[in-house]
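Notes to accompany the following structure.
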Amino acid sequence: MKRIATIQDISCFGKCSLTVALPLISACGVEACPIPTAVLSTHTGGFEGFTIHDLTKEITPIADHWKKLDLHFDGIYTGYLGSPEQLKIVSDFIDNFKKENTIVFIDPVMGDHGKLYAGFDESFAKKMVSLVKKADIIAPNLTEVSYLLGIDYKEDFSDEEIKDMLLKLAAMGSETVIITGVRRGDSLGVMAYESKKNTFTEYFRERIHDTFHGTGDVFASVCSSALVKGFSVEEAIILATDFVVECIRHTAEDKQNHWYSVKFEECIPSLVKGMF
Ligand code: PXL
């Protein structure tokens, strides 16, 4: 069985980061080993008065113990990281645990819809660039792309502009770049570039006019799991996008009660079908 170490926060209510990654990586048939970087009472996208307890000091001792146990990871998947110090520690973790066959999947979680999440600033975004350089695969949304590349955000970029961004991001060092949340008329999808093959891939689905927190984490969890299981980049993108669309469709009917994330749980059976 393949194994992924996933490093991100645990938001106890709100379904994002680890509370999405753990069940979904497991559902894909991959062993999930979490390093929680912080405990929050909820995610930061719409709840007032959330609490945060930083766990930066725990990361290195956990990594040291894992090193003593000689643990091997087929994938390292990082998501929401809360401080420049955490970026550095996670970068050291990658240096210590990346072996020839380890896939390093970095989702440079920083913002959405043109805005940074609460607590992030432009200097953090600049430092995220050094972590992104360590990745085999990165999966930013367009907000994160605009901060990584220092360009203005807009909702509709042309295909040519997206291709240019993919090439610029690949030049930073990661072999595969996947940009999520690309709009094309009434469709929404992802565009990717694999530098080893020098090929562009894209996958678009119908755009649903509802947005939910946590869908980036759903995409990254499924995509990283599919990749460590040996699916191609194109196959992983299709599996992950179709699952996100299904989750959004399923949740949109109950948006008032479930505005804080998607009801991914009830869609797990179709994810399992695609994975095995
Ligand atoms: O889904 C990304 C994410 C992860 N972790 C925390 C968040 C968010 C998005 O708002 O607030 C704590």
Side-chain angles (χ1 to χ4, degrees), residues 1-34 36-37 39-47 50 75 77-80 105-107 109 111-113 117 137 139-141 144 178 180-181 188-190 203-229 231 235-276:
M1 188 164 64
K2 300 292 185 186
R3 181 186 287 152
I4 288 182
T6 181
I7 312 176
Q8 47 191 320
D9 72 281
I10 181 152
S11 294
C12 300
F13 186 83
K15 285 194 283 186
C16 67
S17 40
L18 281 183
T19 57
V20 165
L22 295 182
L24 291 184
I25 294 169
S26 301
C28 292
V30 175
E31 182 179 352
C33 309
T37 53
V39 185
L40 291 87
S41 52
T42 64
H43 65 57
T44 64
F47 297 99
F50 55 83
Y77 154 38
T78 75
Y80 181 102
F105 186 107
I106 293 181
D107 183 1
V109 176
D112 211 351
H113 309 295
Y117 293 133
I137 294 152
N141 61 31
E144 289 147 358
I178 302 169
T180 62
L188 188 71
V190 304
Y203 185 60
F204 282 83
R205 288 279 313 261
E206 72 282 12
R207 185 167 152 226
I208 306 159
H209 291 263
D210 288 295
T211 57
F212 293 95
H213 293 275
T215 49
D217 304 332
V218 171
F219 180 89
S221 302
V222 174
C223 192
S224 59
S225 300
L227 290 167
V228 299
K229 287 188 85 169
F231 287 92
E235 288 165 338
I237 284 172
I238 292 172
L239 280 164
T241 306
D242 283 346
F243 185 63
V244 169
V245 171
E246 189 182 341
C247 290
I248 294 173
R249 278 211 168 288
H250 184 64
T251 315
E253 295 148 21
D254 192 19
K255 188 159 186 183
Q256 243 178 337
N257 290 321
H258 225 88
W259 59 270
Y260 52 87
S261 188
V262 284
K263 294 178 171 181
F264 67 83
E265 299 86 344
E266 290 167 342
C267 302
I268 282 177
S270 70
L271 175 64
V272 171
K273 259 191 219 149
M275 280 289 160
F276 292 90

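No hydrogens, no waters, no symmetry mates; every other heavy atom, side chains included, goes into these values. Since we're looking at a predicted model, the values are computed, not measured.
For T6 and Q8, the side-chain atoms include at least one donor-acceptor pair closer than 3.5 Å. Checking D242 against Y203 by side-chain atom types alone, a donor-acceptor pair falls below 3.5 Å.
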Between I178 and I137, does the side-chain contact (heavy atoms from CB on, under 4.5 Å) criterion hold? Intermediate values first, please. CA-CA 7 Å; I178 302 169; I137 294 152; 4.0 Å; yes
List the steps and the verdict of side-chain contact (heavy atoms from CB on, under 4.5 Å) for C12 and V39. CA-CA 7 Å; C12 300; V39 185; 3.7 Å; yes
Report the C-alpha distance between T241 and R205 in whole Å, list the side-chain angles of each, state the deciding distance to 0.1 Å, and finish with yes or no for side-chain contact (heavy atoms from CB on, under 4.5 Å). CA-CA 8 Å; T241 306; R205 288 279 313 261; 4.1 Å; yes
Set out, in order, the CA-CA distance, both residues' side-chain angles and the distance that settles side-chain contact (heavy atoms from CB on, under 4.5 Å) for T44 and Y80, then state yes or no. CA-CA 11 Å; T44 64; Y80 181 102; 4.1 Å; yes
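Contact record, F243 with S270: CD1-OG, 4.5 Å, taken as the closest heavy-atom pair. The two residues V222 and A240 come nearest to each other via the heavy atoms CG1-CA, 3.7 Å. Minimum interatomic distance between G111 and N141 (heavy atoms only, all atoms of both residues): O-ND2, 2.9 Å. Shown here for F105 and A139, the closest heavy-atom pair between the two residues is CZ-CB, 3.7 Å.
Sorted by first then second residue, the salt bridge (charged side-chain N to carboxylate O under 4.0 Å, His left out) pairs that include residues 3-23, not counting sequence neighbours, are R3-E31, K15-E265. Evaluation of the salt bridge (charged side-chain N to carboxylate O under 4.0 Å, His left out) test over residues 19-28, restricted to residues two or more places apart or in two chains, returns none.
Applying the ring-ring contact (aromatic ring centres under 6.0 Å, His included) criterion to F264, with sequence neighbours excluded, gives no partner residue. Here A226 pairs with F231, A236, L239, M275 under the side-chain contact (heavy atoms from CB on, under 4.5 Å) rule; sequence neighbours left out. D112 meets the salt bridge (Lys or Arg N to Asp or Glu O under 4.0 Å) test with no other residue; sequence neighbours excluded. Judged as a salt bridge (Lys or Arg N to Asp or Glu O under 4.0 Å), and not counting sequence neighbours, the contacts of K263 are D254. By the salt bridge (Lys or Arg N to Asp or Glu O under 4.0 Å) test, R207 is found to be paired with no residue, residues two or more places apart in sequence or in another chain being considered. Considering only residues two or more places apart in sequence or on other chains, H213 meets the side-chain contact (heavy atoms from CB on, under 4.5 Å) condition with H43. Partners of T211 under the side-chain contact (heavy atoms from CB on, under 4.5 Å) rule, at least two apart in sequence or in another chain, are H113. With sequence neighbours excluded, the residues satisfying side-chain contact (heavy atoms from CB on, under 4.5 Å) with S221 are V20, A21, L24, I25, Y77. Evaluation of the ring-ring contact (aromatic ring centres under 6.0 Å, His included) rule for F13 yields F47, Y260 as partners, not counting sequence neighbours. Shown here are the salt bridge (Lys or Arg N to Asp or Glu O under 4.0 Å) partners of E206, two or more places apart in sequence or in another chain: R249.
The structure places SG of C16 at 8.5 Å from OH of Y117, a figure rounded to the nearest 0.5 Å. Atom NE2 of residue H258 and atom CG of residue D210 lie 13.5 Å apart, to the nearest 0.5 angstrom. Atoms CG and NZ, from L227 and K2 in turn, are 12.0 Å apart once rounded to the nearest 0.5 Å. Rounded to the nearest 0.5 angstrom, I208 CD1 and I248 CD1 are separated by 5.5 Å. A distance of 13.5 Å separates CD1 of I7 from OG of S17, quoted to the nearest 0.5 Å.
Residues L40 and I10 fail the side-chain proximity criterion, which asks for heavy atoms closer than 4.5 Å. For the pair T42/S11, no side-chain contact is recorded, criterion being any heavy-atom separation below 4.5 Å from C-beta on. For the pair F204 and L188, the minimum side-chain heavy-atom distance is 4.5 Å or more. Side-chain atoms of P140 and D107, non-hydrogen and from C-beta on, never get closer than 4.5 Å to each other. Between V228 and S224, every side-chain heavy-atom pair lies at or beyond the 4.5 Å cut-off.
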